[in-house]
Amino acid sequence: MTLTISPKPKAPAPSGAQTKLNAAQFVLQRLKTWQVERIYGVIGDAILPLLDELGKQTGIRYIPCRHEGAAALMASAEAKLTGKPGVCMATSGPGAANLMNGLAEAQTDRAPVLAITGQVDAKEIGTKTKQYIDQQKLFAAVSARSEPLAHADALPELMQQALLQSVTDGAVAQLSVPKDLWAAPVNGEVSRYPMHLHEPLAVPDSEIDQLAGLLAGAQKPVLLLGRGVKAAKEAALQLAEALSAAAITTLPARPLFPNDHELYAGGLGMAGSEASVRLLAESDRIVILGATWWPDEYVPTGAKIVQVDLNRAAMGAGHPLERGVTGDLMQILPKLAADPRLMGMDRSAWKARIREVAGEWKRQIEAEARQEGTPVPPQAVIRILSEKASDNAVLAVDTGDHTLWFNRIFQAKPQQDILISGRWRTLGWALPAAIAAQLASPDRQVIAVAGDGGAVQTLMEFQTAVELGLPVVLIVMNNGRYAMEANRMKQAGMTLTGSAIRNPDFAMLAQACGGIGMKAATAGEFEQCLSRALGDRKPALIEVATAPVPVPDPKRGN
């Protein structure tokens, strides 16, 4: 994953003079200047004063979740979708500990998240009092910064540092506040939002000129696009066409390049395409734009790689590097694409090769997607989803066997967004992510796709969606097992211990929560259920019985 700076605010929030605010009030005022609109959390004794202040104002909405881990996942998903910091909160002890999985997800995917946790009274820190734990040690592995508040007057600087580091580094920052300090007066200023965060990092034209000269010499170029290219996706398309380069995308970046374009070769890795593996192996220069995904098993060794990214730390991560350029892709890519030298070489043979390989791949997955049967082939589920999802839908995809099928079959549209747990790959991601996406984008269609193994991890957040009146649609692909693990165990000759799941009736659970619950046993029934759910605009769950079909390995073609 690559770093994305939050969008420029419409107008900077005004600064305040020396405040008469207590710590709880100051926290909320500071978050408002950063245009934070929501805080996700679970109630607890050590954060009651903060919840009290949340209830007295209207600028920030509190989202009560069923589990702190889901609250952190929601904060991460909102940060990924909007680029602005996501915020979650929890009480001391077990509440704080429950945040860990969601914060690890945010940290590994470089999502800017601020976690605010209550702590025991200051006089009891370090003692054996109930619910005490050294939170800085606890959060050290899942955050870039973790600080305790020792005095209310330190709050202005601590919050400023935490928010700045979170946004500029794409990282998790955590602040623990002793519960007796929430009411303490703060001597400090609610400072303005730092508008300089949005000043572009200008790359000298000489560097762009040298990069263009390097690319002009490529006979068989390939572009690998990640989510960091989102703001410059039109320029990325122009660059691909100027170079006659094959375009490959990471899963979150699928909507950033037209999936029906003759140069598009699909995804990369185990969930990717045979076409991408073949074209990468034949390429003489690979250009990585706004991506850090580089799966060793599916990429060529010793390849000539050029990388352009806003994040310096991404340069050459996990692969050799011929040349790296750090800067804003919005500045760099249009200038690259317009350089006449890129079209100076005849690449017609390479373009024909891309059309041949990509075309063969597209015909293959179209045939797969038309398969029928009971239980329903997962390819058919993804095909129907691809056809029914609106042009600007947000799709939150959980981790599991279905993730591979999604990347293999789904045909993304340019205005869609795909939210995944990229590197942490936690089960239970989809539903919390969908809830956050619907809150952040109330006018968009939001669909969560989960396997049965992932759905049970955070299923009670469906009740959260119902209480909030959010029209999210959760698709549960139920094959009665952890299919990815079961297939690997079977292939290795292992026993299948632990791979089977005895599932509840997902549809009845959804109904018990006050939402719509439906079941589908055939592709036709699933299509009808999905059409109804998307039309009703109410919280809905569709349980579809799917076959545990192994996903073909793109490297081996089987």
Side-chain angles (χ1 to χ4, degrees), residues 19-31 39-56 62-73 75-76 85-107 113-166 171-188:
T19 72
K20 299 295 183 181
L21 305 175
N22 63 32
Q25 294 166 338
F26 186 93
V27 165
L28 298 181
Q29 289 298 321
R30 193 69 191 93
L31 292 177
I39 298 177
Y40 304 92
V42 177
I43 194 170
D45 180 62
I47 54 172
L48 293 182
L50 183 57
L51 287 166
D52 178 51
E53 294 297 338
L54 272 165
K56 295 175 181 176
Y62 174 62
I63 308 300
C65 304
R66 265 56 195 177
H67 191 278
E68 293 90 349
L73 291 175
S76 178
V87 181
C88 57
M89 61 188 287
T91 191
S92 57
N98 279 346
L99 291 173
M100 296 292 286
N101 182 56
L103 295 183
E105 198 288 325
Q107 180 69 9
V113 168
L114 174 64
I116 302 170
T117 57
Q119 179 58 288
V120 300
D121 285 342
K123 65 182 180 181
E124 295 176 326
I125 291 177
T127 71
K128 294 183 178 180
T129 192
K130 64 180 177 64
Q131 294 196 332
Y132 171 73
I133 191 170
D134 185 329
Q135 292 189 13
Q136 280 55 63
K137 288 182 179 178
L138 178 69
F139 288 102
V142 298
S143 66
R145 187 185 192 93
S146 175
E147 301 288 355
L149 181 67
H151 193 284
D153 289 353
L155 191 56
E157 185 173 352
L158 283 182
M159 284 205 71
Q160 180 76 347
Q161 291 176 357
L163 286 163
L164 278 172
Q165 185 164 358
S166 179
V172 170
Q174 183 267 339
L175 179 65
S176 55
V177 181
K179 61 182 180 181
D180 57 332
L181 289 188
W182 287 117
V186 177
N187 292 311

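In this chain, numbering begins with 1 at the start of the sequence shown. Quick note: numbers below take in every heavy atom, side chains included, and nothing from hydrogens, waters or symmetry partners.
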Does any non-hydrogen side-chain atom of [Y] lie less than 4.5 Å from one of [X]?
X	Y	answer
Leu28	Ile39	yes
Leu163	Leu114	yes
Lys20	Pro185	no
Ile116	Leu31	yes
Asp180	Lys123	no

Could you report the tightest heavy-atom contact between [X] and [Y], atom names first, then the distance?
X	Y	answer
Leu99	Cys88	CD2-SG, 4.0 Å
Gly188	Pro156	CA-CG, 3.9 Å
Glu68	Ala90	CG-CB, 3.8 Å
Val120	Thr129	CG1-CG2, 3.9 Å
Leu149	His151	CD1-O, 3.1 Å
Pro178	Ala122	CB-N, 3.7 Å

Using a 3.5 Å cut-off and no angle test, enumerate the donor-acceptor pairs between side-chain atoms of residues 40-54 and protein atoms at least two apart in sequence or in another chain.
residue : atom : partner : partner atom : Å
Tyr40   : OH   : Glu78   : OE1          : 2.4
Asp45   : OD2  : Lys179  : NZ           : 2.5
Asp52   : OD2  : Lys56   : NZ           : 3.1

**Request:** Please step through side-chain contact (heavy atoms from CB on, under 4.5 Å) for the pair Val27 and Trp182, ending with a clear verdict.
**Result:** CA-CA 9 Å; Val27 165; Trp182 287 117; 4.1 Å; yes
**Prompt:** Sequence neighbours excluded, which residues qualify as side chain to side chain donor-acceptor pair (under 3.5 Å) partners of Gln107?
**Reply:**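 Residues passing side chain to side chain donor-acceptor pair (under 3.5 Å) with Gln107: none at all.
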**Request:** Mind checking side chain to side chain donor-acceptor pair (under 3.5 Å) for Asn22 and listing every partner two or more places apart, or none if nothing turns up?
**Result:**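 Asn22 satisfies side chain to side chain donor-acceptor pair (under 3.5 Å) with no other residue.
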Establish, from distance only, whether the side-chain atoms of [X] and [Y] form a donor-acceptor pair under 3.5 Å.
X	Y	result
Gln161	Glu157	yes
Gln174	Ser143	no
Gln135	Ser146	no

Under a 3.5 Å distance rule, please check whether [X] uses its side chain to pair with a backbone N or O of [Y] as donor and acceptor.
X	Y	result
Gln119	Ile133	yes
Asp153	Asn187	yes
Ser166	Ala171	yes

**Nearest-0.5 Å distance, CZ of residue Arg145 to CG of residue Leu164** =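 It comes to 9.5 Å.
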**Request:** Can you measure from CG (Leu138) to CE (Met100) and round to the nearest 0.5 angstrom?
**Result:**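 Between Leu138 CG and Met100 CE, I get 4.5 Å after rounding to 0.5 Å.
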